[in-house]
Amino acid sequence: KTLMAKAAATEANIPFLYASGSEFVNKYVGQGAKNVRDLFQQARNTVKNKGSCIIFIDEIDAVGYRRKSARNDMI
């Protein structure tokens with residue numbers, strides 16, 4: 001998937017911004033959100049200079065993991 005997205009960006013001659021979902025999950029509160037803001041700020045700057053870009057977030061499922069509740073564990 002990553003190589004296909006990068007190839008599409010190369011063929012379209014636009015910048016390709018890559019991030020891993022694990023970069024957004026940190027043990028320090030607020031650090032993951034800061035990384036998301038930084039990525040999109042970089043994208044905004046790229047769009048101002050180049051016109052467009054592709055943002056690819058690999059392993060996005062790492063960001064929205066689901067916590068089990070005590071009630072679900074008993075059933």
Side-chain angles (χ1 to χ4, degrees):
K1 294 179 275 186
T2 307
L3 290 175
M4 288 184 66
K6 190 165 185 159
T10 302
E11 285 295 316
N13 198 23
I14 58 176
F16 179 77
L17 301 177
Y18 172 84
S20 176
S22 60
E23 293 175 23
F24 305 130
V25 179
N26 292 321
K27 64 182 179 178
Y28 301 113
V29 175
Q31 186 63 39
K34 180 186 178 302
N35 291 344
V36 171
R37 285 190 303 270
D38 291 345
L39 174 66
F40 280 90
Q41 184 60 46
Q42 182 182 1
R44 280 187 208 100
N45 293 338
T46 301
V47 167
K48 285 179 186 175
N49 296 330
K50 305 284 184 179
S52 62
C53 70
I54 291 178
I55 299 174
F56 185 81
I57 302 175
D58 197 14
E59 299 174 13
I60 191 69
D61 57 332
V63 175
Y65 66 91
R66 188 171 142 194
R67 295 181 182 168
K68 293 183 180 180
S69 69
R71 178 177 287 181
N72 289 341
D73 290 340
M74 292 181 179
I75 298 175

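Owing to the predicted nature of the structure, the values given are computational and were not obtained by experimental measurement.
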Who passes salt bridge (Lys or Arg N to Asp or Glu O under 4.0 Å) against K34, sequence neighbours left out? D38
Under 3.5 Å donor-acceptor pairs involving side-chain atoms of residues 40-47, not counting sequence neighbours:
from: Q41; atom 1: OE1; to: R44; atom 2: NH1; distance (Å): 3.2
from: Q41; atom 1: NE2; to: N45; atom 2: OD1; distance (Å): 3.3
from: N45; atom 1: ND2; to: Q41; atom 2: O; distance (Å): 3.4
from: T46; atom 1: OG1; to: Q42; atom 2: O; distance (Å): 2.8

Table please: side-chain donor-acceptor pairs of residues 2-19 below 3.5 Å, with sequence neighbours left out.
from: T10; atom 1: OG1; to: K6; atom 2: O; distance (Å): 2.9
from: Y18; atom 1: OH; to: D58; atom 2: OD2; distance (Å): 3.3

